[in-house]
Participant: 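Just dropping this structure here.
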Amino acid sequence: MRADVVTIFPAYLEPLRLSLVGRAQERGTLEVRTHDLRAWTSDVHRTVDDAPYGGGPGMVMRPEPWDAALSEIAASDPARRPRVVVPTPAGRPFSQRHAEELAQEPWLVFCCGRYEGIDARVIETWADDEISIGDYVLAGGEVATLVILEAVARLLPGVLGNSASAADDSFSDGLLEAPAYTRPQVWRGVEVPAVLRSGDHAAVARWRRAQALRRTVARRPDLVAQAELSDADRAVLDA
Ligand SMILES: CN1CCCC[C@@H]1Cn1ccc2ccc(-c3n[nH]c(N)c3C#N)cc21
């Protein structure tokens, strides 16, 4: 997968060189190219924003630099068309399913807005996806791009390695994950649940599913309504 990120703060994307996403890049599974939007300005001040029509606070990002940037990036591989993703608080809520969908794409381009956002005509012309990572307001699209790219990168072949699997993820079965424990067996007087030390893999799986169900009912009843529950699941919830 190739991922291009257009931003006025390229340094914000440096964390993509670390850890899981960094390893995916070293392996060649993911290629991240970061671009400074100001490279596509033509004035001495490298202006990327202007006052909003209709008045109101703040500034809006001008369409010309964005159109020049996206046109040049898209033209860099004429045989393909990238899926253009615009993080915005007005976007479709990001989810694991959405990450799985984006992980199938060979080429993503992320448009990181700032100020009050990007001129709406750029979104109308270029955006394939407008995504929100949550119901809170950030100062720009860079953090959202980091979130989306990490969630997508970990789903790419070979990135998680043998020890873990995206199929075991929280949300992959529609539920929150069960509590996890490691040594010591007793810590601050609290013992690790005996079933986890039993060696009975079937019992451990049942316990973890029950914990995930109870946790999801308590914290995210909306997810329970969407999850596919077995008779055994319903017995746990009815207990
Ligand atoms: C504050 N300021 C005036 C109100 C509108 C937003 C603006 C700031 N801002 C500019 C570009 C931009 C992109 C994403 C986000 C964003 N916030 N929350 C999310 N879940 C986001 C995503 N994904 C915020 C952005």
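For the single chain, residues carry numbers from 1 onward in sequence order. Numbering of ligands and ligand atoms starts at 1, following listing order.
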Participant: Geometry only, no angles: is Tyr136 polar-contacting ligand 1 at N/O separations under 3.5 Å?
Facilitator: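 Yes, since at least one N or O of Tyr136 sits under 3.5 Å from an N or O of ligand 1.
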Participant: Counting heavy atoms only, which of Ala144, Gly141, Pro89, Gly113 comes nearest to atom 16 (C) of ligand 1?
Facilitator: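 Considering heavy atoms of Ala144, Gly141, Pro89, Gly113, the nearest to atom 16 (C) of ligand 1 sits in Pro89.
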Participant: Testing the basics here: between Val159 and Ala24, what is the closest heavy-atom pair and its distance to 0.1 Å?
Facilitator: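 That closest heavy-atom pairing would be CG2-CB, 3.9 Å.
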Participant: Which residue supplies the protein heavy atom nearest to atom 20 (N) of ligand 1, what is that atom called, and how far is it?
Facilitator: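 Its nearest protein heavy-atom neighbour is Gly134 O, 2.9 Å.
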Participant: Do other residues, nucleotides or ligands put more than 12 heavy atoms under 6.0 Å from the CZ atom of Arg62?
Facilitator: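 Yes, because the 6.0 Å sphere around CZ of Arg62 holds more than 12 heavy atoms from other groups.
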Participant: Charged N to carboxylate O below 4.0 Å: is that the case for Arg209 and Asp233?
Facilitator: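 Salt bridge between Arg209 and Asp233, a charged N being under 4.0 Å from a carboxylate O: yes.
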Participant: Would you call Val60 and Ile118 a side-chain contact if the rule is heavy atoms closer than 4.5 Å?
Facilitator: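 With C-beta onward as the side chain, the pair stays apart.
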Participant: So, is Gly117 polar-close to ligand 1, with some N/O to N/O distance under 3.5 Å?
Facilitator: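 Gly117 vs ligand 1: no N/O contact under 3.5 Å.
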Participant: Which atoms of ligand 1 sit under 4.0 Å from any heavy atom of Tyr115?
Facilitator: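 Close to Tyr115: 2 (N), 7 (C), 8 (C), 9 (N), 10 (C).
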Participant: Among all the protein's non-hydrogen atoms, which is closest to atom 24 (C) of ligand 1, and how far away is it?
Facilitator: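 That would be Leu138 O, 3.5 Å.
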Participant: Could you list the residues that satisfy ring pair (Phe, Tyr, Trp, His ring centres under 6.0 Å) with Tyr115, not counting sequence neighbours?
Facilitator: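 Partners of Tyr115 by the ring pair (Phe, Tyr, Trp, His ring centres under 6.0 Å) criterion come out as none, since no residue qualifies.
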Participant: Applying side-chain hydrogen bond (donor to acceptor under 3.5 Å, both in side chains) as the test, list every pair that has at least one member in residues 74-90; sequence neighbours left out.
Facilitator: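 Checked against side-chain hydrogen bond (donor to acceptor under 3.5 Å, both in side chains) - neighbours excluded - the pairs reaching residues 74-90 are Arg2-Ser76, Asp77-Arg80, Arg81-Asp128, Arg83-Glu101, Arg83-Glu105, Arg83-Asp129.
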Participant: Within the side chain of Thr7, is there an N or O that forms a donor-acceptor pair under 3.5 Å with the backbone of Phe9?
Facilitator: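 Side chain of Thr7 to backbone of Phe9, a donor-acceptor pair under 3.5 Å: yes, one is there.
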Participant: At under 4.0 Å between heavy atoms, which part of Thr88 makes contact with ligand 1: side chain, backbone, both or neither?
Facilitator: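 It is the backbone that touches ligand 1; the side chain stays farther off.
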Participant: For Ser132, counting its heavy atoms only, list the atoms of ligand 1 lying under 4.0 Å from any of them.
Facilitator: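 Numbered from 1, ligand 1 contributes 20 (N), 23 (N).
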Participant: Mark up the atoms of ligand 1 that fall under 4.0 Å of a heavy atom belonging to Glu116, in ascending order.
Facilitator: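 Per the distance check, 3 (C).
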Participant: Between Gln185 and Glu191, does the side chain to side chain donor-acceptor pair (under 3.5 Å) criterion hold? Intermediate values first, please.
Facilitator: CA-CA 6 Å; Gln185 181 174 323; Glu191 188 163 24; 2.8 Å; yes
Participant: Side chain, backbone, both or neither: which part of Ile118 comes within less than 4.0 Å of ligand 1 when only heavy atoms are counted?
Facilitator: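 It is neither part, as no heavy atom is under 4.0 Å.
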Participant: Heavy-atom contacts with Ile131 under 4.0 Å: which atoms of ligand 1 show up? List them by number with element.
Facilitator: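 Ligand 1 atoms under the 4.0 Å threshold to Ile131: 23 (N).
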Participant: Can you tell me the protein heavy atom closest to atom 1 (C) of ligand 1 and the distance?
Facilitator: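 So the nearest neighbour among protein heavy atoms is Val137 CG1, 3.3 Å.
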Participant: Check ligand 1 against Pro87 and write out every atom of the ligand that is under 4.0 Å from a heavy-atom position of the residue.
Facilitator: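 Going through ligand 1 atom by atom, the ones under 4.0 Å from Pro87 are 13 (C), 14 (C), 23 (N).
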Participant: So if I count the atoms of ligand 1 from 1 in the order they appear, which ones are less than 4.0 Å from some heavy atom of Ala139?
Facilitator: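 So the answer, numbered in order with elements, is 8 (C), 9 (N), 10 (C).
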Participant: Would you indicate whether Asp135, at its atom CG, is surrounded by more than 12 heavy atoms from other residues, nucleotides or ligands within a distance under 6.0 Å?
Facilitator: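 Atom CG in Asp135 is not packed in, count stays at 12 or less.
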